Amino acid sequence: MHVKQLHPWPSTVAEAESIQDRLRGHVELTGPTAFTLVAGLDVHYHGDDELTAAVVVLDAGTLAPVEQVVAYGKAAFPYVPGLFAFRELPALVTALELLTVTPGLLVCDGYGLAHPRGFGLACHLGVLTGLPSLGVGKTPFVGTHEPPEQERGAWTPILHEGATVGRALRTQPGVKPVYVSQGHRISLDTATSQVLHLAAHYRLPEPIRHADHLARHPS
DNA sequence: GCGACAG
DNA sequence: ATCTTGTCGC
């Protein structure tokens, strides 16, 4: 599939932040409510700056893998909370360009709108590809929230600077919630229902689990 | 002001 | 993210 060009690439924190501030205006918060193919994306690090990016496309109905690709690269930016996307984007984009099918939704490992400048990895990947995207975080990042009730499907809003930027969602009963936020071309309701559907058996959505496994154990 | 801070 | 085994509980 085709992905928009990345350049110019930032070399300073200020440049990276200004790229986020500029691209933030391209994010759309409404879009499709159902998908045929969903992709999970993840990166595995080894050594100081080497990484493996993996994308696995699943049939949204059966959750069966349809295609999987890996790309090797190096972290493209130092780790700075809030600028995390700049580490992994080049390798993830390389992997996406290897796909022969185009997914209808990108399920990203990290945050989207729930980000200090409202433009996390999921938003960035959505804008670059033009595809609907959402982010799933494993730990709270920005904002405040009440713990959701213990049953599967329970959620509470994540509030940041007076706005709802995501949801803490209980995908499995009695298990720590995941943190869902919009990336691009998706509503918060749709993002929530998709994550709940994709995480029918485990805490994390199936596409992310597949991508995580592939990144750790490339074939 | 200080510390904490997605992966 | 990564360095790391067994163990408890559903």
Side-chain angles (χ1 to χ4, degrees), chain A residues 10 13 16-17 19-20 23-24 27 39-56 70-96 106-128 133-145 150-152 158-161 164-184 188 191 195 199-205 207-218:
Chain A
V13 165
E17 289 178 343
I19 289 173
Q20 292 182 330
L23 293 182
R24 180 175 46 200
V27 168
L41 296 77
D42 195 23
V43 165
H44 176 69
Y45 290 82
H46 34 276
D48 271 341
D49 58 350
E50 297 187 19
L51 52 80
T52 303
V55 180
V56 179
V70 294
Y72 302 96
K74 298 193 168 194
F77 203 80
Y79 175 68
V80 179
L83 301 180
F84 160 65
F86 291 96
R87 290 175 73 69
E88 308 187 341
L89 274 173
L92 285 171
V93 166
T94 298
L96 285 169
L106 303 182
V107 179
C108 308
D109 190 9
Y111 282 92
L113 263 200
H115 172 276
R117 275 170 304 285
F119 195 78
L121 174 67
C123 298
H124 211 138
L125 278 165
V127 168
L128 289 179
S133 64
L134 63 85
V136 178
K138 296 182 284 291
T139 61
F141 185 30
V142 294
T144 60
H145 64 90
Q150 295 297 319
E151 72 268 20
R152 169 174 154 82
I158 298 172
L159 304 172
H160 182 57
E161 295 175 348
T164 293
V165 296
R167 287 175 183 166
L169 172 66
R170 194 85 64 182
T171 54
Q172 292 297 318
V175 172
K176 280 194 305 180
V178 298
Y179 303 88
V180 179
S181 56
Q182 291 155 280
H184 182 52
L188 186 50
V195 170
H201 301 310
Y202 301 96
R203 175 182 180 231
L204 292 176
I208 289 186
R209 290 171 46 83
H210 279 263
D212 180 82
H213 183 87
L214 179 59
R216 289 175 194 270
H217 312 286

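Source: prediction; values computed, not measured. Quick note on labels: first sequence line is chain A, next is B, and so on, each numbered from 1.
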Exercise. Among all residues two or more places apart in sequence or in another chain, which pass the side chain to side chain donor-acceptor pair (under 3.5 Å) test with A/Arg24?
Worked result: A/Asp21
Seminar exercise, completed: Across all chains, not counting sequence neighbours, the side chain to side chain donor-acceptor pair (under 3.5 Å) partners of A/Gln20 are A/Arg117
Seminar exercise, completed: The side chain to side chain donor-acceptor pair (under 3.5 Å) partners of A/Asp42 (sequence neighbours excluded) come to none
Show each protein N/O and nucleotides 3-7 of chain B N/O combination with a separation under 3.5 Å, one pair to a line.
unit_1 : atom_1 : unit_2   : atom_2 : d
B/dA6  : OP2    : A/Tyr79  : OH     : 2.8
B/dA6  : N7     : A/Gly82  : N      : 3.2
B/dA6  : N6     : A/Gly82  : O      : 3.0
B/dA6  : N6     : A/Phe84  : N      : 3.4
B/dA6  : N6     : A/His115 : NE2    : 3.4
B/dA6  : N1     : A/Leu121 : N      : 3.3
B/dA6  : N3     : A/Tyr111 : N      : 3.2
B/dG7  : OP1    : A/Lys138 : N      : 3.0
B/dG7  : OP2    : A/Thr139 : OG1    : 3.2
B/dG7  : O3'    : A/Asp109 : OD2    : 3.4

Exercise. Would A/Asp49 and A/Arg87 satisfy salt bridge (charged side-chain N to carboxylate O under 4.0 Å, His left out), going step by step from the backbone distance to the final call?
Worked result: CA-CA 9 Å; A/Asp49 58 350; A/Arg87 290 175 73 69; over 6 Å; no
For this session: Calculate, to the nearest 0.5 Å, the distance between atoms CZ and CG belonging to A/Arg152 and A/Leu169 respectively.
Result: 8.0 Å
For this session: State the dot-bracket string of DNA chain B. Criteria: Watson-Crick or G-U wobble, both atom distances under 3.5 angstrom; notation: ( ) intrastrand, [ ] crossing earlier pairs, | interstrand, . unpaired.
Result: .......
For this session: Tell me, please, which residues at least two apart from A/His201 pass ring pair (Phe, Tyr, Trp, His ring centres under 6.0 Å).
Result: none
Exercise. Checking A/His184 side chain against A/Ala122 main chain: does a donor-acceptor pair fall under 3.5 Å?
Worked result: no
For this session: Would you please name every residue forming a ring pair (Phe, Tyr, Trp, His ring centres under 6.0 Å) with A/His44, sequence neighbours left out?
Result: A/His46
In a table with atom names and distances, give each donor-acceptor pair under 3.5 Å that connects a side chain of residues 70-77 of chain A to protein atoms at least two apart or in another chain.
none

Exercise. How long is the span from the OH atom in A/Tyr202 to the CD1 atom in A/Ile208, to the nearest 0.5 Å?
Worked result: 15.0 Å
Exercise. Taking a pair as Watson-Crick (N1 to N3 plus N6-O4 or O6-N4) or G-U wobble (N1-O2 and O6-N3), both under 3.5 Å, which stems of 3 or more consecutive pairs involve DNA chain C?
Worked result: none
Problem set entry | Partners passing ring pair (Phe, Tyr, Trp, His ring centres under 6.0 Å) against A/His145 (at least two apart in sequence or in another chain) | A/Tyr179
For this session: Look at the aromatic rings of A/Phe141 and A/Tyr111 and report parallel, tilted or perpendicular, splitting at 30° and 60°.
Result: tilted
For this session: Name all residues meeting the side chain to side chain donor-acceptor pair (under 3.5 Å) criterion together with A/Arg203; count only those two or more places apart in sequence or in a different chain, and write none if there are none.
Result: none
Nucleotide N/O to protein N/O under 3.5 Å, stretch nucleotides 4-6 of chain C:
none

Problem set entry | Atom pair distance, as rounded to whole Å: NE2 in A/His201 and C1' in C/dC10 | 17 Å
For this session: Figure out the CG/P separation between A/Asp48 and C/dC3, and round it to whole Å.
Result: 13 Å
